[in-house]
There are 4 protein chains.
Amino acid sequence: MSSSSNLKAVPAAAETAPPRRERRKEARPGELLDAALDLFVEKGFAATRSEEVAARAGVSKGTLFLYFPSKEELFKAVVRENISGRFAEWNEEFEAFEGSTPDMVRYCMRVWWERLGATRASGITKLMISEARNFPDLAAFYQQEVIQPAHELMRRILQRGVARGEFRPLDIDYAVFSISAPMIFLIMMKHSLGACVPRDYAVDPERYIASQVEILLNGMCK
Amino acid sequence: MSSSSNLKAVPAAAETAPPRRERRKEARPGELLDAALDLFVEKGFAATRSEEVAARAGVSKGTLFLYFPSKEELFKAVVRENISGRFAEWNEEFEAFEGSTPDMVRYCMRVWWERLGATRASGITKLMISEARNFPDLAAFYQQEVIQPAHELMRRILQRGVARGEFRPLDIDYAVFSISAPMIFLIMMKHSLGACVPRDYAVDPERYIASQVEILLNGMCK
Amino acid sequence: MSSSSNLKAVPAAAETAPPRRERRKEARPGELLDAALDLFVEKGFAATRSEEVAARAGVSKGTLFLYFPSKEELFKAVVRENISGRFAEWNEEFEAFEGSTPDMVRYCMRVWWERLGATRASGITKLMISEARNFPDLAAFYQQEVIQPAHELMRRILQRGVARGEFRPLDIDYAVFSISAPMIFLIMMKHSLGACVPRDYAVDPERYIASQVEILLNGMCK
Amino acid sequence: MSSSSNLKAVPAAAETAPPRRERRKEARPGELLDAALDLFVEKGFAATRSEEVAARAGVSKGTLFLYFPSKEELFKAVVRENISGRFAEWNEEFEAFEGSTPDMVRYCMRVWWERLGATRASGITKLMISEARNFPDLAAFYQQEVIQPAHELMRRILQRGVARGEFRPLDIDYAVFSISAPMIFLIMMKHSLGACVPRDYAVDPERYIASQVEILLNGMCK
DNA sequence: TATGAATGAGGCTTCATTCAT
DNA sequence: AATGAATGAAGCCTCATTCAT
């Protein structure tokens, strides 16, 4: 989680006593967003104190407000920062995919995990789900910027499968959820209940994904 | 379930409720838990003000603290109260089930929706997921009282299917999640992002469940 | 100044040790407005801390916000509270006045001093003048509710004098200011520079008013 | 007067100002005092942010504190700087005055308006009146450097009128206020309530002064 | 000198909790 | 048991001031 904020403290070599007042205008916003993401995911929006965020980013309370006018705007920035438009790239990637559609689904789930699910970014999904009711405009933003593009991508995959005769005719709108539900589930295991539970019950994400995908493909294939 | 949601479950018959004023005193804690559940689910723990809970329950702020020593204890009581041990009953019900295992899975999903998913009780799952990190002891309690029994119930169903040769050999531990993930997903649609989104995107639970179950069964059957 | 807030501490008799938590919903707002008036006049709006107001009213910080939603609203309430509609009464009083118009002017200045100038209420004029630019809406309110009625009252007096041939023809709109300027001046002596200056320079209001009135009447009479 | 307001007073003639960039360094404090005067007058001491002052003077926040060790010292410098000792000059001017004393009073009011009332310098009177209680030492300074000399000047004028038999015997100490009250009044119209009020109610200073002076002279003359 | 990023004390406001009635 | 006025700790945010560059 917060290991990244530690990394910055390790300069290339010299390791001089860190100057009391660093001047790092460029890096600050990113560091603050990093710290905020960690804390918001871990404790929720309300239970995270601005001062904590600042402290974890290695600055003082006031500095936070130099970059973000309010805790709420910080929250919004965290969400925006971590979603960005990676869908364009992914859409292209899947457009160019040449294998079978089942392989495509397998690949989709795998890279989702590698690129998002396993990263801190997955935390913001948990965050959004926890706070959606308190930030309806952010929820709308997330729906529009994340959920919809993701659904369209998945829908195209499923349609390809049906079109190519690999999949049975499907209720595609809802079959999409067959792919997203395990993702949500995994995120929740990682960031919520799963994080509060003894190791023994911990889910192994790769195994989980493999298991789900096979059942899914079996279920969708002819 | 809170007392009121039990009341709702009462068949349409006579059952004259005792005159409103009379049962107030004994009903108070239940009314408070009811109100608290609604608000906690809707706004989260931190964003819910004690006074609001009291107001919704029709009592004064002070009265709330007569029954629950703190907001945190109220929260815990809400969760505990709503995690009834109905698994004994359900276990028996499924023990006695006579149809095919695929039918059993269909039935399982359907009654889950009817008895839990569609009721306010589903709110505590959302609540637990949102607040687990802030209430680790509750999370453990929930894990033990709800998640584990539920998983065992589902596991027995799947094992029955495998044993009877209806299902392929499965990675049962993880196949269980194939059943629970859609439930979690549906709950989140209902209480979180789905609640902040235009009607058009609203998910029709019955259709969603039907779609998932068929894919699932297809995937698990021989 | 704040003597009035002391008065409340003297109950009819018993003089028991003041209970830690008084319950005085009725009296609170007035006490808070009293305290706030004193402090705002003395130190200005910004330099007055909410906690000070509360302390002077004998309550805790939080209690202030039970009655006024913000410091700014408190300020507005102070202004409104101290202006009220006393003009109706005064208008009647002057309508019924039977003596000469010069006597009327003398009487006007005298009762202004007795009823307003000499009281704490005069402080709000100083307050308004100091803060007008920061509270344009309040300034408009004050203009409308205080300045205009006052000017109309004075205008009627002057017109009476002209109509009855007691006064020369006057530029009445501006002659009104001949009456109000000394009032403003006196208020400023009392609440501003005059309050920061050695006793010797202190202005004796009665003597000041007498002096101004005589010059004024001399100047306006035929 | 601050340096810039002196510059403005320069006759229309040649007087090529040194190239902007060159004179910056020496002009800095004056530019800051200028900016500060405007803002303090407009918003009051507390509501004026140091950064705003710096920005209006075209320098950075840090630079302000290079010239003035604190906001409070800046305030004091603004006041001191704008309380120039021009009384020597004026005293001479009035010593040499040859016309009638009523003309002298007319002249006095007129040049006061032209040289002070109409300029930004009038702002410091508003400032002093608003902030006197928070800056008692400045108030004393102002009393000594401005109010007293001004009163003595006016007193001499009035005494001349009485001595020459132009005025009735007057309560001279207080008659002085008959001249200063309209000035104060006009300043307050300009910088306070009058600035927050629709155009229609705006006072025309020349007309106001003319009106007051005539009533006054009428009142004081034999 | 000048800059502007950084600081942190201090003020406003909220709200869980208490307690006299 | 119930009320709701009162409390005060705690959090957000501002802004005068500092200081490395």
Side-chain angles (χ1 to χ4, degrees), chain A residues 19-28 46-55 57-74, chain B residues 24-26 28 45-55 58-75, chain C residues 19-28 46-54 57-74, chain D residues 24-25 28 45-55 58-75:
Chain A
R20 259 297 262 88
R21 276 186 179 203
E22 283 180 276
R23 309 284 235 77
R24 314 167 34 82
K25 191 180 190 198
E26 303 304 287
R28 284 280 182 261
T48 298
R49 291 198 309 277
S50 332
E51 195 161 8
E52 262 182 292
V53 175
V59 299
S60 74
K61 206 179 2 170
T63 301
L64 173 60
F65 292 95
L66 239 43
Y67 294 94
F68 303 95
S70 71
K71 190 184 167 189
E72 189 162 333
E73 285 304 319
L74 173 64
Chain B
R24 263 287 151 74
K25 217 166 343 205
E26 304 85 70
R28 277 286 146 71
F45 174 74
T48 298
R49 273 172 307 151
S50 319
E51 191 161 15
E52 257 182 298
V53 175
V59 299
S60 75
K61 212 178 349 178
T63 303
L64 173 60
F65 288 90
L66 232 48
Y67 290 98
F68 304 96
S70 73
K71 189 184 170 188
E72 201 148 315
E73 286 307 318
L74 171 63
F75 181 87
Chain C
R20 261 293 265 91
R21 278 187 178 203
E22 282 180 275
R23 312 284 237 75
R24 312 168 35 81
K25 193 180 189 198
E26 303 303 289
R28 284 283 182 259
T48 298
R49 291 199 310 278
S50 333
E51 195 162 9
E52 264 181 291
V53 175
V59 299
S60 74
K61 208 176 2 171
T63 302
L64 173 60
F65 291 92
L66 238 44
Y67 294 95
F68 303 94
S70 71
K71 192 184 167 189
E72 190 162 331
E73 285 304 321
L74 172 64
Chain D
R24 263 287 150 73
K25 217 164 349 200
R28 279 285 146 70
F45 174 75
T48 298
R49 274 172 307 150
S50 319
E51 191 161 16
E52 256 183 298
V53 174
V59 299
S60 75
K61 213 182 343 179
T63 304
L64 173 60
F65 287 90
L66 232 48
Y67 291 98
F68 303 96
S70 73
K71 189 184 170 188
E72 203 150 313
E73 286 307 318
L74 171 64
F75 181 86

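Chain letters run A, B, ... following the sequence lines, proteins first, then strands; residues in each count from 1.
For the pair B:K71 (side chain) and B:T48 (backbone), a donor-acceptor distance under 3.5 Å is present.
The distance from atom CD of C:E72 to atom P of E:dG11 is 18 Å, rounded to the nearest whole Å. Taking atom CZ of residue A:R49 and atom C1' of nucleotide E:dT14, one finds them 15 Å apart after rounding to whole Å. Atom C1' of nucleotide F:dC12 and atom CG of A:L74 are separated by 12 Å, given to the nearest angstrom.
Listed by residue number, A:K61, A:G62, A:T63, A:L66, A:Y67 are the residues of residues 61-69 of chain A with a heavy-atom contact under 4.0 Å to DNA chain E.
Checked against E:dT17, E:dA6, F:dC13, the side chain of A:K71 finds its nearest nucleotide in F:dC13. Here the nucleotide nearest the side chain of A:S50, chosen from E:dT7, F:dT7, F:dC12, is F:dC12.
Applying the side-chain hydrogen bond (donor to acceptor under 3.5 Å, both in side chains) criterion to D:E52, with sequence neighbours excluded, gives D:K43. With sequence neighbours left out, A:T63 forms a side-chain hydrogen bond (donor to acceptor under 3.5 Å, both in side chains) with A:S60. Partners of D:K61 by salt bridge (Lys or Arg N to Asp or Glu O under 4.0 Å), not counting sequence neighbours, listed by chain and number: D:E51. Taking D:F68 as the reference, nothing meets the ring-ring contact (aromatic ring centres under 6.0 Å, His included) condition, with sequence neighbours excluded. Remark: D:E73 engages no residue in a salt bridge (Lys or Arg N to Asp or Glu O under 4.0 Å) (not counting sequence neighbours). Listed by chain and number, the residues in a side-chain contact (heavy atoms from CB on, under 4.5 Å) with D:F75 are D:F40, D:F45, D:V79, D:L127, D:E131, D:F135, D:L138 (sequence neighbours excluded). Here D:A46 pairs with C:A46 under the side-chain contact (heavy atoms from CB on, under 4.5 Å) rule; sequence neighbours left out.
In DNA chain F, stems built from 3 or more consecutive Watson-Crick or G-U wobble pairs, each with both distances under 3.5 Å, span E:2-21 with F:2-21.
Between C:T48 and A:V59, the residue whose closest nucleotide on DNA chain E is further toward the 5' end is A:V59.
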